[in-house]
Amino acid sequence: MVDLQLLKARFTELHRQSPRLFSAPGRVNLIGEHTDYNDGFVLPIAIDLRTFVAGAPRSDTKIVVHSLAFDQTLEFDLSEPGRARRGTWLDFVEGTARALLARGFPIAGANLLIESDVPAGAGLSASAALELSVGYALASLGGTMNPDPLTLALAGQSAEHEYVGTQCGIMDQYISALAQQDRALLIDCRSLTFEPISLQLGNACVLICDTRVKHELSSSAYNERRRQCEAGVLEIARQRPNVRALRDVTVAEFEALAPRLPPLIERRCRHVVNEDQRTLAAARALASGQLVELGRLMSASHASLRDDYEVSCVELDEAVLAVSDTPGVYGSRMTGGGFGGCTVTVLEREAVPRAVRSISERLRTRFEIDPQFFATNACAGVAEEFESA
Ligand code: GLA
């Protein structure tokens, strides 16, 4: 846990100024994977792990940022042209600052100090948490009161697209910006609106397992999946001119059109079309406490990501398989972009030790991996930290 008093004290020591504090959460997606960039539906929650930014204005136009995790200070000057793709964590910060400027926010020079308990590279959206906490901090320090969270989310996404070079969808930044406590958000990634879904979990909870593997493929394969979906849409639109994205195709329509698609594109699109329907059904199941149904949909999502979308990996499959017969487990699946990272499991609280043991044993025996576990609540999105400061 980040100690806010200590963070504040470090900042004062470094800059002889008293900072304001801001934070934004990481996320876990319950279901709705690789649907966001297809204008579809996702169902994430923000998790208990957050990134914190201490910040205060400067009298010049520099943004000077110290990361405690990297033990490194980096800076850029707002009066100079932006420099995309330096290949360091500054890309997330500068990309967000420039995107906010482009959206008309009065961003001024600032000193920032960053600390996070979102593990980097685990697929829990450490980068969105960084973009949102920095974005909120810079907008607030520049004089904007209560900056609009959706605009901050879009600025974070354009930092990814333009400065980092990842063609991500909007899910991660959106949930980090707009998350609500004790609720998942059913996000419509076309209209950018959401429905809060209260978590009717009874005695069950959400368990995250970080397999701590990261396969190199992930960003090139991610962009490739996007292109394959676009290729599918082009083909489908020849028959159905109203189709703009896979979101516009029902399961029945898709199955009628599927034979016209090349086999690989067909499988990619089948995942997305079905995943949208699973996500809508899962939101209803979650809201009404039908956990068996929720679990069934989560398991079907994993199978589809593994077999049709091919973004899982042996370690994630093993972690999911390890709890498939565990009493008290409703469902388990990979979460996030894939090729490593985490699984998410919905299970009875009393089943947590059993599930942890089963996954740990299987991953240790087969891959010599020591996974990390987090039981999480659904938390609120980006905010300024007042009371504990
Ligand atoms: C990553 C991206 C998201 C989303 C997921 C897959 O987390 O950042 O936009 O596409 O992968 O669902």
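Position 1 is the first residue of the sequence; numbering continues from there. Order of listing sets the numbers, starting from 1, for every ligand and every atom in it.
- Taking the ring centroids of His34 and Tyr222, they lie under the 6.0 Å cut-off.
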Would you mind listing each N/O atom of ligand 1 next to any protein N/O under 3.5 Å, plus the distance?
{"residue": "ligand 1", "atom": "7 (O)", "partner": "Arg27", "partner atom": "NH2", "Å": "3.0"}
{"residue": "ligand 1", "atom": "7 (O)", "partner": "Asp172", "partner atom": "OD2", "Å": "2.9"}
{"residue": "ligand 1", "atom": "8 (O)", "partner": "Asp172", "partner atom": "OD2", "Å": "2.7"}
{"residue": "ligand 1", "atom": "9 (O)", "partner": "Asp36", "partner atom": "OD2", "Å": "2.5"}
{"residue": "ligand 1", "atom": "9 (O)", "partner": "Gly169", "partner atom": "N", "Å": "2.9"}
{"residue": "ligand 1", "atom": "9 (O)", "partner": "Tyr222", "partner atom": "OH", "Å": "3.4"}
{"residue": "ligand 1", "atom": "10 (O)", "partner": "Asp36", "partner atom": "OD1", "Å": "2.8"}
{"residue": "ligand 1", "atom": "10 (O)", "partner": "Asp36", "partner atom": "OD2", "Å": "3.4"}
{"residue": "ligand 1", "atom": "10 (O)", "partner": "Tyr222", "partner atom": "OH", "Å": "2.6"}
{"residue": "ligand 1", "atom": "11 (O)", "partner": "Gly337", "partner atom": "N", "Å": "3.4"}
{"residue": "ligand 1", "atom": "12 (O)", "partner": "Glu33", "partner atom": "OE2", "Å": "2.6"}
{"residue": "ligand 1", "atom": "12 (O)", "partner": "His34", "partner atom": "N", "Å": "2.7"}

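- Under the side-chain hydrogen bond (donor to acceptor under 3.5 Å, both in side chains) criterion, the residue pairs touching residues 293-313 are Tyr37-Tyr309, Arg267-Glu310, Arg268-Glu310, His271-Ser304, Glu275-Ser301, Arg278-Ser304, Glu293-Arg296, Ser301-Arg333, His302-Asp317, Ser312-Asp317, with sequence neighbours excluded.
- Applying the side-chain hydrogen bond (donor to acceptor under 3.5 Å, both in side chains) rule to Arg227 yields no partners; only residues at least two apart in sequence or on another chain are considered.
- Partners of Arg270 by salt bridge (Lys or Arg N to Asp or Glu O under 4.0 Å), not counting sequence neighbours, listed by chain and number: Glu255, Glu266.
- For the residue pair Arg58 / Asn111, a side-chain donor-acceptor distance below 3.5 Å is found, with atom types taken as modelled.
- Under 3.5 Å, the side chains of Thr326 and Arg354 contain no donor-acceptor pair of N or O atoms.
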